[in-house]
Amino acid sequence: MDISRPRGTRDFLFAEMRNRKEVEGVLRRTFETYGYHEIKTPIFEELKLFTVKSGEEVVNQIYHFTDKGGRELALRPELTAPVARLYMNEMQKKPKPIKMYYFGSCFRYERPQAGRFRQFWQFGCELIGGRSPLAEAEVISLASESLHELGLDGFEVHIGHLGILRGILGREEIPSELQDRIMGVIDKGDVEELEALLGEVEVSGESRELLMKLIGTQGGPEVLDDVEEYLGGYSESLEALEEFRELVETLHYFGVDDYHVNLGIARGLDYYTGIVFEIYVPELGAQKQICGGGTYNLVETFGGERVESTGFAFGFDRLMNALGMDEENMRMVDVFVIPIQDSTVPEAIRITQELRAAGVSADLEVSGRKLRKALSHADNLGARFAVLTGEREIQDGKVTVKDMERNSQETLPRDEMVDKIKGRC
RNA sequence: GCCGGGGUGGGGUAGGCGGUUAUCCUUCGGGACUGUGGAUCCCGCGACUCGGGUUCAAAUCUCGGCCCCGGCCCCA
């Protein structure tokens, strides 16, 4: 019988786990300095939580099942919807705005490819019930600062505003559904398909030309002047532009000045309502997008009261990829204790336990190998010290401590040993 | 789903135009260096995805299944 790891999943060994925990720790600390606190939702939810949000077609990409009580459940394919559900169930009546963050794994039944896994992790946050350019700027600042804290170079923040684009479509009286479709194509960046669709939908030449111009507009905040020129009499879009300007100004106060205005960012999701942003690491090619976010309204879709949220999520695995951390030989244990003779095993056990109680990670030679082999193993473990318990030393109330890095050795009084070692670890 | 590549000792690989003892590195176990290692040497454990076919003979050719990886479609 051959049992192996399911397709699209990964095993993480010691060194990689250590790296992931480290990144996780930096993100937690940074989010918490912005006043966010962690929430956790179940790994499986009701299936309809996801179909209501994204449509029936996603069922084919969801790991779903009927439980023993006949309920249709699903392994969560993303975390935005569970967070909205949690808010609606538990926090709807609480004072606003509410800041929360989350970290967890998601599951999708899709064809794996480079960087595309069936189990993947997201680290994200939501600021619920306080939409304003100031709030939005702070969310973007948090995303940017997190990456700076991690020491990531070469990332680009791209910011768009759906209100500008929807203001044009609204003036053409394009129905909601068609607008959503158009947004999807814009997000895809397929210019030809967009032209074809706008023609099919019979958007006026003026608006069509304007849309094409806008989605190709990219650059620093100064391009907003160009955008204003393009917009002319589209009053709804101008209002959104004003909002965008306010965001830009506020970002400056947060110290965020390195970003791209990019109206081609549409996110392709119908529940987004205003600011949208994505973060890229260009050198990663097809997997360059490590973060997506913006302002949206989802709770109403699930039957709650209308409330807008601004948030984002890092693709944790993409982020790890971008950081490219080395998996150096890691120290499995600080101290390796070796009984030189069988008679010294009890003492070796006592020493090991004392070290552990003092917060020093320690392991004991349990295989009965000779000293030579045991020392070799200590090296394999990357142990900083080896402690040798021999009959001679024990008789004298001492213990031999070998520094594995310096290849030096000393004999210490038994009762001073723990403190000495602890002080050097 | 379509296209392409692949599946060889615990890990990584060579072999692949058929030849009958399957290569190399590494991991692991034992031994030699006489209570002390990171080197070296010796011995050992351990393998050709499953099924069928062709053949005196198949890891090597062929048919089918299963599995994995990459590209496309899709990507909440």
Side-chain angles (χ1 to χ4, degrees), chain A residues 1-11 13 45 47 49-62 74-84 106-118 120 122 124 180 183-185 187-190 193 266-272 276 278 285-289 292-294 296 298 301 311-313 315 317-318 329 336 338-344 365 367-383 385-394 399-411:
Chain A
M1 181 149 78
D2 182 25
I3 299 176
S4 49
R5 197 188 66 228
R7 184 184 179 198
T9 65
R10 284 154 300 163
D11 292 315
L13 299 188
E45 301 267 358
L47 175 60
L49 178 64
F50 305 107
T51 55
V52 165
K53 180 194 176 200
S54 304
E56 293 291 328
E57 326 82 61
V58 295
V59 167
N60 293 327
Q61 297 167 330
I62 296 181
L75 290 183
R76 64 192 184 197
E78 48 100 13
L79 273 152
T80 307
V83 171
C106 307
F107 307 84
R108 294 185 193 174
Y109 191 68
E110 295 175 338
R111 281 179 295 276
Q113 286 176 301
R116 282 259 322 264
F117 300 100
R118 287 181 167 169
F120 57 96
Q122 289 185 344
D180 296 341
M183 289 313 201
V185 175
D187 194 53
K188 227 163 113 183
D190 192 330
E193 193 182 339
R267 292 245 82 199
L269 305 164
D270 53 17
Y271 50 82
Y272 276 91
V276 289
E278 292 176 351
Q287 308 166 53
K288 69 180 182 186
Q289 188 185 333
Y296 63 92
L298 203 45
T301 303
F312 66 85
D317 311 279
R318 289 253 172 107
N329 292 330
F336 193 62
I338 304 168
I340 298 181
Q341 299 97 3
D342 286 344
S343 59
T344 63
E365 166 57 52
S367 304
R369 282 169 294 203
K370 289 181 177 178
L371 180 56
R372 182 182 286 278
K373 291 276 180 180
L375 280 168
S376 182
H377 185 61
D379 223 31
N380 288 338
L381 293 174
F385 299 102
V387 171
L388 316 181
T389 57
E391 286 170 342
R392 294 185 215 149
E393 289 87 348
I394 291 176
V399 110
T400 302
V401 176
K402 190 178 179 70
D403 187 318
M404 303 299 279
E405 285 180 6
R406 301 194 188 129
N407 198 25
S408 63
Q409 178 173 305
E410 59 188 324
T411 301

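Quick note on labels: first sequence line is chain A, next is B, and so on, each numbered from 1. Everything numeric here is computed off the predicted structure, so don't read it as measured data.
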Legend entry - K373(A), nearest nucleotide to its side chain (from rC75(B), rG31(B), rG37(B)): rG31(B)
Inset, instruction - Check the distance between rC74(B)'s P and N60(A)'s CG and give it to me in whole angstrom. - result: 15 Å
Inset, instruction - Using atom types as modelled and distance alone, determine if a side-chain donor or acceptor of R318(A) lies under 3.5 Å from a backbone N or O of Q289(A). - result: yes
Inset, instruction - Taking R108(A) for its side chain and P77(A) for its backbone only, find out whether a donor-acceptor pair lies under 3.5 Å. - result: yes
Inset, instruction - Using a 4.0 Å heavy-atom cut-off across all strands, classify K53(A) as base, sugar-phosphate, or nothing. - result: sugar-phosphate
Legend entry - Side-chain heavy-atom pair M404(A), D379(A) within 4.5 angstrom cut-off: yes
Inset, instruction - Have a look at F336(A) and say if it touches a base, only the backbone sugar-phosphate, or nothing, with a 4.0 Å heavy-atom cut-off. - result: nothing
Inset, instruction - From the options rU36(B), rA32(B), rA76(B), select the nucleotide whose nearest atom is closest to the side chain of S54(A). - result: rA76(B)
Inset, instruction - Quote, to the nearest angstrom, the C1' distance that separates rU21(B) from rA57(B). - result: 15 Å
Legend entry - C1' spacing across the pair rG10(B) / rG52(B), given as an integer number of angstrom: 31 Å
Legend entry - Atom C1', compared across rC17(B) and rG71(B): separation rounded to whole Å: 31 Å
Inset, instruction - For rG46(B) versus rC61(B), give the span between their P atoms, rounded off to a whole number of Å. - result: 28 Å
Inset, instruction - Measure the distance from CD on E365(A) to C1' on rU36(B) and round it to the nearest whole Å. - result: 14 Å
Legend entry - Euclidean distance for P, rA58(B) against rU54(B) (whole angstrom): 12 Å
Legend entry - Whole-Å P distance, rC45(B) and rU23(B): 13 Å
Legend entry - Nearest-Å distance for atom pair OH/P, residues Y109(A) and rC73(B): 20 Å
Legend entry - N380(A) CG to rG10(B) P, straight-line distance once rounded to whole Å: 20 Å
Legend entry - Phosphate OP1/OP2 of rG29(B): any R369(A) side-chain N/O under 4.0 Å: yes
Inset, instruction - Round to a whole Å and report the spacing from CD of Q289(A) to C1' of rC75(B). - result: 10 Å
Inset, instruction - Identify which nucleotide among rC75(B), rG37(B), rC72(B) has an atom closest to any side-chain atom of R108(A), counting heavy atoms from C-beta outward. - result: rC75(B)
Inset, instruction - Quickly work out the L371(A) CG to rG38(B) C1' distance and round it to whole Å. - result: 14 Å
Inset, instruction - Pick base, sugar-phosphate or nothing for R372(A), based on heavy-atom distances below 4.0 Å to the nucleic acid. - result: base
Legend entry - Pair partner, rG46(B) [Watson-Crick or wobble, under 3.5 Å]: none
Inset, instruction - Let me know the distance between CD of E410(A) and C1' of rU36(B), rounded to the nearest Å. - result: 15 Å
Inset, instruction - Classify the side chain of R7(A) versus the base of rC69(B) as yes if they form a donor-acceptor pair under 3.5 Å and no if they do not. - result: no
Legend entry - Pairwise C1' distance for rU27(B) and rU49(B), with rounding to whole Å: 23 Å
Inset, instruction - Identify which nucleotide among rG29(B), rU36(B), rC74(B) has an atom closest to any side-chain atom of L375(A), counting heavy atoms from C-beta outward. - result: rU36(B)
Legend entry - No-H, no-angle donor-acceptor pair, R116(A) side chain to rC74(B) base, under 3.5 Å: yes
Legend entry - Whether E78(A) side chain and A81(A) backbone form a donor-acceptor pair below 3.5 Å: yes
Inset, instruction - Please work out if E393(A) contacts a base, only the sugar-phosphate, or nothing of the nucleic acid, heavy-atom cut-off 4.0 Å. - result: base
Inset, instruction - Establish, with yes or no, whether the OP1 or OP2 oxygen of rC74(B) is under 4.0 angstrom from a side-chain nitrogen or oxygen of K188(A). - result: yes
Inset, instruction - Could you please name the option among rG37(B), rG30(B), rC73(B) that lies closest to any side-chain atom of S376(A)? - result: rG37(B)
Inset, instruction - Nearest-nucleotide wise, let me know which of E391(A) and Q122(A) is further upstream toward the 5' end of RNA chain B. - result: E391(A)
Legend entry - Interatomic distance where CG belongs to N407(A) and C1' belongs to rG37(B) [whole Å]: 8 Å
Legend entry - Side-chain touch I62(A)/R76(A), heavy atoms, less than 4.5 angstrom: no
Inset, instruction - With C1' as the reference atom in both, quote the distance from rG9(B) to rC66(B) in angstrom, rounded to an integer. - result: 22 Å
Inset, instruction - Tell me whether the OP1 or OP2 atom of rG70(B) has a side-chain N or O from Q113(A) closer than 4.0 Å. - result: no
Inset, instruction - Would you classify L388(A) as touching base, sugar-phosphate or nothing, given that sugar-phosphate means primed atoms plus P, OP1 and OP2, and contacts are heavy atoms under 4.0 Å? - result: base
Inset, instruction - Examine the side chains of E393(A) and T411(A) and answer whether a donor and an acceptor come within less than 3.5 Å of each other. - result: no
Inset, instruction - Kindly point out which of rG1(B), rG37(B), rU36(B) is positioned nearest to the side chain of Q409(A)? - result: rU36(B)
Legend entry - Watson-Crick or G-U wobble partner of rC2(B), both distances under 3.5 Å: rG71(B)
Legend entry - cation_pi(R118(A), F107(A)) dist<6.0 Å, angle<=45: no
Inset, instruction - Go through the steps to decide whether E391(A) and S343(A) satisfy the test side-chain hydrogen bond (donor to acceptor under 3.5 Å, both in side chains), and finish with yes or no. - result: CA-CA 8 Å; E391(A) 286 170 342; S343(A) 59; 2.6 Å; yes
Inset, instruction - Classify the nucleic acid contact of R76(A) as base, sugar-phosphate or nothing, counting any heavy atom under 4.0 Å across all strands shown. - result: nothing
Inset, instruction - Consider the side chain of R111(A), meaning its heavy atoms from C-beta on, and name the nucleotide among rC74(B), rG1(B), rG71(B) that approaches it most closely. - result: rG1(B)
Inset, instruction - Output yes when at least one side-chain N/O atom of Q61(A) is less than 4.0 Å from OP1 or OP2 of rC75(B), else no. - result: no
